[in-house]
Amino acid sequence: MPVREGVSQLIQFTMSCEPPPVAQTQQCQVLPPDSTWALQTPKLPTEKIYTKTGQINEIGKFRAHAHRPHSACTSLRVMEGEGELLDLNHLSETEQASILEVLLRDSDLRSRDEGRVRTLQQKVSDPVRLRTLSGEWFIQERSKRHRDKKDGVDIVQASLRRRKPRIDVSLSGVFNGQKENADKNYKKEDDDQKSNRSQNCLTPTPGSRTKSPNTQDSNSYSSSSEYFTRRNGHRGEAEGTWQDSDEDSDSLSSGVAEPDPNTLRPGSSISSLQSGYTLSGSMMSLFSSGEFGAVEVKGRILFSLDYDTQKEELQIRVCRCEDLAAARKNRSDPYVKAYLLPDKSSHSKKKTSVKKNTFNPVFDQTLKYKISVSEVRGRTLNLSVWHSAPMGRNIFLGEVELELTNWDWTHTCPDWYQLVPRVQCSPDSISSRGNMVLSVKFTPAGSEGVGRPLTGELHIWLREAQGLLSTKGGAIDSFVRSFVLPDASRSSGQKTRVVKKSFSPTYNHTMVYDGFQPADLKEACAELTVWQREGLKKHQLGGIRLSCGTGLSYGTAVCWMDSTEEEVAVWNSMMKKPNQWIDTTLSIRTNLVPRPE
Amino acid sequence: MSDGDYDYLIKFLALGDSGVGKTSFLYQYTDGKFNSKFITTVGIDFREKRVVYKSNGPDGASGRGQRIHVQLWDTAGQERFRSLTTAFFRDAMGFLLLFDLTNEQSFLNVRNWMSQLQMHAYCENPDIVLCGNKCDLQEQRAVSEVEARELAEKYGIPYFETSAANGQFVSEAVDVLLDLIMKRMERCVDKSWIPDGTVRSNGHSGHEDIMEPKSSEKGKCAC
């Protein structure tokens with residue numbers, strides 16, 4: 001009978017998608033075969049199929065449920081992902097772009113339908129009729145099964161965006177295939193992952209420099225609906241953010257292409273999906289050929305520097321620019337922005353006014369910094385020219401950088417400088433290579449029930465790195481390695497998969513170390529280092545060390561207990577709040593004290 | 001396509017193994033055309049069509065046609081897109097499950113697709129129409145009509161032998177699915193819901209304007 005062959009094939013199919021070893025030793029959730037669906041052929045091993053499927057389906061939950069029988073000290077296990085979103089990294093950029101285009105078309109259709117429904121709501125008084133006409137009946141039916149009211153398209157869209165690593169979409173066991181992918185990733189985690197080449201098109205592409213911790217990002221993890229809602233109603237607000245807040249997505253942290261979303265928005269922005277697109281510059285660039293909105297840098301800038309020793313003030317006189325590139329068709333609305341690097345915060349940011357519709361703007365404005373002369377010597381002046389797009393993202397027109405270390409302060413007359421494209425910082429001068437976004441949790445022995453877990457467990461959920469800065473600049477292949485010191489042995493070491501060509505790689509990787517007494521935490525240090533891989537070579541970019549930072553471990557002085565204040569704070573709150581994820585964004589510092597190997 | 005000049009937005013989804021003809025089926029349905037060249041679907045796509053649905057009241061009288069905007073999701077059959085495509089299952093109100101009559105394996109996998117649907121659709125027993133496609137290729141047939149019908153009966157779903165190439169039973173299959181959805185919709189809402197077959201064209205009662213937005217062109221398919 002042909003059906004039987006089909007079943008045996010199905011088993012093979014499921015067997016080939018082996019869950020991680022952890023999963024195998026853990027629970028096998030058996031989904032009850034539904035009598036109305038299962039073929040009435042008793043000899044078929046239907047339940048086995050369901051078992052396998054169920055198992056695959058549940059891998060995402062093992063982090064929460066799994067408790068290994070063994071209790072070897074500082075052993076580890078790894079799980080890929082948290083299972084809320086789809087792992088679509090195996091799809092190529094072209095495929096993802098093509099899918100996004102379809103989603104955009106759908107978004108258009110849905111927004112038109114929303115318009116229709118709004119009209120209906122005003123016209124139809126009969127609630128029953130309204131429910132059918134509006135399609136509400138379907139949403140209601142579906143909500144009986146899927147608790148979250150998200151549309152599949154929204155989940156896919158969020159998965160493709162993947163910028164916010166922890167969108168709380170409860171998928172309630174949906175997406176079988178996702179787990180299969182996760183499995184594959186798991187198996188190949190150390191391999192060269194051919195399938196993970198598309199990261200960089202999904203995350204906003206920051207430029208060469210690191211991004212300061214972005215509070216907006218961390219807030220918006222909290223829930224996807226909140227995230228979308230916020231995006232929905234307040235486009236203007238968000239734009240204001242780009243222009244005026246400290247976030248500075250338009251300058252140091254972002255690439256040179258800042259597309260104006262308006263030019264690409266099809267129809268009105270009603271649905272959440274649409275507004276998601278509207279905000280994500282990188283997403284928009286998917287719809288264009290490469291660097292949408294980027295302009296070829298040209299022109300020059302005339303400015304002078306002066307240091308007023310009495311006022312202890314650095315004065316940058318921005319005179320004018322000439323021959324600027326056209327940001328729009330024959331038009332630029334330029335302004336100049338200054339930073340005193342390495343400070344990329346708002347304190348360091350100064351801007352001129354915007355000059356409308358000119359390639360030769362005359363500013364004649366002085367930007368002033370209250371700063372001591374000794375401090376000035378450690379800084380690099382960054383002057384960048386931008387096209388102001390009040391309704392969208394500003395467009396980079398060029399920049400100049402001057403190291404002030406050996407500046408001749410007697411030279412106060414203005415000079416012309418050629419504008420250049422974004423340049424890389426000298427690697428030596430960098431103290432941070434970006435940020436690491438992660439969560440840590442300590443689960444004491446027995447805190448989840450008798451014998452669960454058997455020993456205290458340290459969970460490190462490594463979500464992503466932001467604005468990863470390589471020595472040469474450009475997007476890089478990277479991975480993260482972890483150790484829980486003092487155990488620096490191989491068995492303590494664990495690493496994520498390699499994420500290719502990304503400034504903001506999403507690792508979404510959980511490392512679990514067990515065998516901890518609460519007291520051990522004070523003596524231990526979780527070291528996470530980010531590595532760049534180039535061919536067969538790899539080198540460390542920087543890292544973080546989570547510990548009490550005492551310099552002592554079990555009474556011995558150790559060099560690696562060198563945690564910064566922020567790192568110590570994270571470690572402390574983790575100890576104080578067992579069983580709670582502590583979310584944090586930490587600077588990937590370059591000054592980790594090397595430990596003797 | 002002008003805005004909102006339809007009464008219902010109905011979402012279907014076609015699924016089945018790679019190469020069974022989902023895209024061609026939908027193309028035939030929406031455009032009445034066929035392209036024998038195989039172009040694999042990248043993940044997901046959709047097509048749209050405007051149809052008029054005539055509900056048959058219990059007395060057999062057919063009411064005024066209701067304008068339906070059908071969105072037909074097309075999914076990639078390839079395994080590598082599985083996680084993506086199953087995510088779309090929950091958005092669809094009804095399903096066209098296709099297999100290839102000349103490819104036995106695609107028929108055997110129907111069972112697999114059914115369990116995928118059971119897991120991921122909006123409810124546990126959604127409306128599905130089974131289609132054995134490529135019925136024009138009689139000499140290559142590998143699945144008999146009898147066994148296909150048996151399978152469909154076991155699941156309690158309608159079965160059609162279709163041809164995206166010549167259009168045979170393509171629109172019939174979709175029509176039956178549409179009928180199932182409209183009936184389910186009626187069941188889902190209050191029983192007092194009455195098909196608007198009684199609406200007059202010149203009255204002043206509240207209901208008429210709803211179904212006839214002034215700007216719309218009645219019954220015209222914009223697709």
Side-chain angles (χ1 to χ4, degrees), chain A residues 2-3 5-7 9-10 13 31 34 36-37 39-40 49-50 53 57 86-88 90-91 94-95 98-99 102 105-106 109 112-113 115-116 119-120 123-126 128-129 131-133 135 137-138 140-142 144-146 151-153 155-156 159 173-181, chain B residues 1 3-11 42-46 48 69 71 79-91 93 104-105 107-112 114-116 118-125 143 147 151 154-156 185-186 188-190 192-193 196 206-207 209-210 213:
Chain A
V3 172
E5 285 167 38
V7 168
Q9 211 231 355
L10 177 57
F13 154 76
L31 298 182
D34 187 311
T36 60
W37 283 67
L39 274 180
Q40 305 303 312
I49 296 168
Y50 279 110
T53 317
N57 217 17
L86 308 178
D87 184 352
L88 300 174
H90 65 291
L91 303 180
T94 326
E95 285 166 344
S98 156
I99 291 160
V102 175
R105 274 172 54 220
D106 175 61
L109 172 67
R112 275 186 284 129
D113 196 56
R116 179 186 70 94
T119 316
L120 280 175
K123 287 185 176 173
V124 180
S125 49
D126 179 358
V128 175
R129 271 181 56 80
R131 258 198 288 165
T132 60
L133 291 170
W137 69 273
F138 177 74
Q140 283 174 358
E141 283 301 300
R142 184 171 66 184
K144 290 175 189 167
R145 179 165 212 213
H146 300 284
D151 283 328
V153 282
I155 294 161
V156 171
S159 307
V174 195
F175 310 131
N176 189 19
Q178 172 196 5
K179 302 306 184 288
E180 293 161 19
N181 296 331
Chain B
M1 213 170 288
D3 285 4
D5 58 341
Y6 53 83
D7 305 320
Y8 300 93
L9 174 62
I10 300 293
K11 303 182 180 196
V42 180
I44 194 89
D45 196 4
F46 69 84
E48 296 164 75
H69 191 80
Q71 182 185 26
E79 175 65 32
R80 59 194 304 266
F81 294 111
R82 193 63 47 83
S83 60
L84 175 85
T85 52
T86 51
F88 287 88
F89 286 8
R90 61 155 66 186
D91 294 354
M93 300 170 180
E104 191 184 16
Q105 194 56 56
F107 175 64
L108 301 176
N109 285 340
V110 163
R111 195 195 146 83
N112 196 356
M114 287 296 280
S115 55
Q116 291 279 319
Q118 184 197 18
M119 264 190 285
H120 301 303
Y122 77 97
C123 72
E124 286 194 0
N125 60 335
V143 182
E147 57 182 331
L151 185 66
K154 275 174 183 157
Y155 288 122
M185 181 170 76
E186 290 178 40
C188 284
V189 299
D190 195 314
S192 69
W193 184 79
D196 56 324
H207 282 188
D209 288 4
I210 307 142

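Sequence lines set the chain letters: A, B, ... in the order given, protein chains first and strands last, and positions in each chain run from 1.
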Aromatic ring pairing B:Y122/A:W137, orientation class (parallel under 30°, perpendicular over 60°, tilted between): perpendicular

How close do [X] and [Y] get, heavy atom to heavy atom, and via which atoms?
X	Y	result
B:F46	A:V102	CE2-O, 3.6 Å
A:I99	B:V42	CG1-O, 4.0 Å
B:S83	A:L86	O-CD1, 3.8 Å

Considering only heavy atoms from C-beta outward, does the side chain of [X] approach that of [Y] to under 4.5 Å?
X	Y	answer
A:I155	B:R90	yes
B:Q71	A:D106	yes
A:E95	B:F81	yes

How far does [atom1] of [X] sit from [atom2] of [Y], to the nearest 0.5 angstrom?
X	Y	atom1	atom2	answer
A:K144	B:C188	NZ	SG	6.0 Å
B:M185	A:L133	CE	CG	7.5 Å
A:R145	B:E124	CZ	CD	4.5 Å
A:R105	B:I44	CZ	CD1	10.5 Å

Please check: side-chain N/O of B:D91 versus main-chain N/O of A:V153, any donor-acceptor pairing under 3.5 Å? yes

